[in-house]
Amino acid sequence: SLRRYEKRASRAACSRTATPPVGTRPRAHIDALESYLQTKDVPVRLRIGCSLIDDVTFLRGAAHLVFGFGTFGRGVCLLAGPIQTMDVFDSSYEGFPNVRELTVLTPRPGAYIATGEWRRTPEQLRLMLDFPEEDLERRRRPNKKSD
């Protein structure tokens, strides 16, 4: 739900840090997310056209992170310093000692796009932006190891 992103994004001062290379543009779902957050006056830091090293270096220093499915976020966690809060859609993030508070978000069965079914259709973009928060189960996991 975008309300989760709004809450996390509002905790840090952010700004646009890079522009896309000439002739390229962000993926449609990134455009949709950025536009939505701007309508809510949520500051956004969009990193486009940076190297993987620059992006990972930036994320390693973040206090609040949100990751979707996939292995990229787990790699960042392995390299990162202390992380205050992290919201994920994948319970495999449990147990990282550097994450102070983990929230695992699980959509109600059948309510969201199945893993591997993302096609960037207008309907999927709308669902991504308008997914009802009440259709997400939240499991908050404070991590005693990081305190």
Side-chain angles (χ1 to χ4, degrees), residues 1-21 24-50 52 54-143 146:
S1 161
L2 286 174
R3 287 184 278 278
R4 301 282 310 160
Y5 293 105
E6 287 176 19
K7 290 174 188 172
R8 296 296 186 225
S10 66
R11 290 185 180 174
C14 300
S15 62
R16 189 174 196 94
T17 60
T19 55
T24 65
R25 75 181 212 58
R27 296 181 306 215
H29 57 288
I30 300 300
D31 285 345
L33 177 61
E34 182 183 27
S35 295
Y36 177 85
L37 292 174
Q38 288 173 347
T39 67
K40 301 295 183 182
D41 293 323
V42 174
V44 177
R45 179 173 287 161
L46 182 62
R47 295 185 56 86
I48 302 169
C50 298
L52 177 61
D54 288 343
D55 291 345
V56 170
T57 300
F58 175 80
L59 291 170
R60 285 180 60 207
H64 308 281
L65 293 169
V66 177
F67 288 114
F69 295 102
T71 58
F72 180 77
R74 286 192 291 282
V76 170
C77 285
L78 289 169
L79 297 169
I83 300 168
Q84 291 179 25
T85 63
M86 186 163 54
D87 292 9
V88 296
F89 291 88
D90 183 346
S91 62
S92 68
Y93 285 85
E94 294 183 30
F96 281 96
N98 57 326
V99 178
R100 184 167 185 214
E101 185 179 294
L102 175 71
T103 301
V104 178
L105 304 161
T106 307
R108 182 177 47 78
Y112 198 64
I113 305 154
T115 302
E117 295 298 318
W118 179 255
R119 303 290 181 260
R120 280 182 247 142
T121 65
E123 294 79 21
Q124 287 180 330
L125 287 168
R126 254 190 315 282
L127 181 61
M128 178 190 74
L129 294 172
D130 297 330
F131 192 74
E133 200 166 343
E134 59 271 11
D135 284 344
L136 285 173
E137 174 192 338
R138 278 177 196 71
R139 289 180 299 142
R140 184 161 282 150
R141 303 270 196 239
N143 188 347
S146 67

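Position 1 is the first residue of the sequence; numbering continues from there.
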Separation between CD of Gln84 and CZ of Arg100, rounded to the nearest 0.5 Å: 7.0 Å
Interatomic spacing from CH2 in Trp118 to CG in Leu125 - rounded to 0.5 Å: 4.5 Å
Minimum heavy-atom distance between Tyr112 and Pro107, given as atom pair plus value: CB-CB, 3.7 Å
Thr106 OG1 to Asp135 CG distance, which is reported to the nearest 0.5 Å: 12.5 Å
Check: Leu102 and Arg140 side chains under 4.5 Å, non-hydrogen atoms: no
Approximate separation, where rounding is to 0.5 Å, of Arg60 CZ and Asn98 CG: 10.5 Å
Side chains of Phe72 and Val76 in contact at under 4.5 Å (non-hydrogen atoms): yes
Minimum heavy-atom distance Ala111-Phe131, with the two atoms named: O-CE1, 3.2 Å
Met86 and Thr103: CA distance, side-chain angles, deciding distance, side chain to side chain contact (heavy atoms under 4.5 Å, CB included) verdict: CA-CA 6 Å; Met86 186 163 54; Thr103 301; over 6 Å; no
Spacing of Glu101 atom CD and Ile83 atom CD1 [to the nearest 0.5 Å]: 12.5 Å
Smallest separation among heavy atoms of Arg74 and Tyr93, with atom names: N-OH, 3.3 Å
Glu123 side, atom CD; Ile113 side, atom CD1 - distance, nearest 0.5 Å: 10.0 Å
Leu136 vs Phe89 side-chain heavy atoms within contact, under 4.5 Å: yes
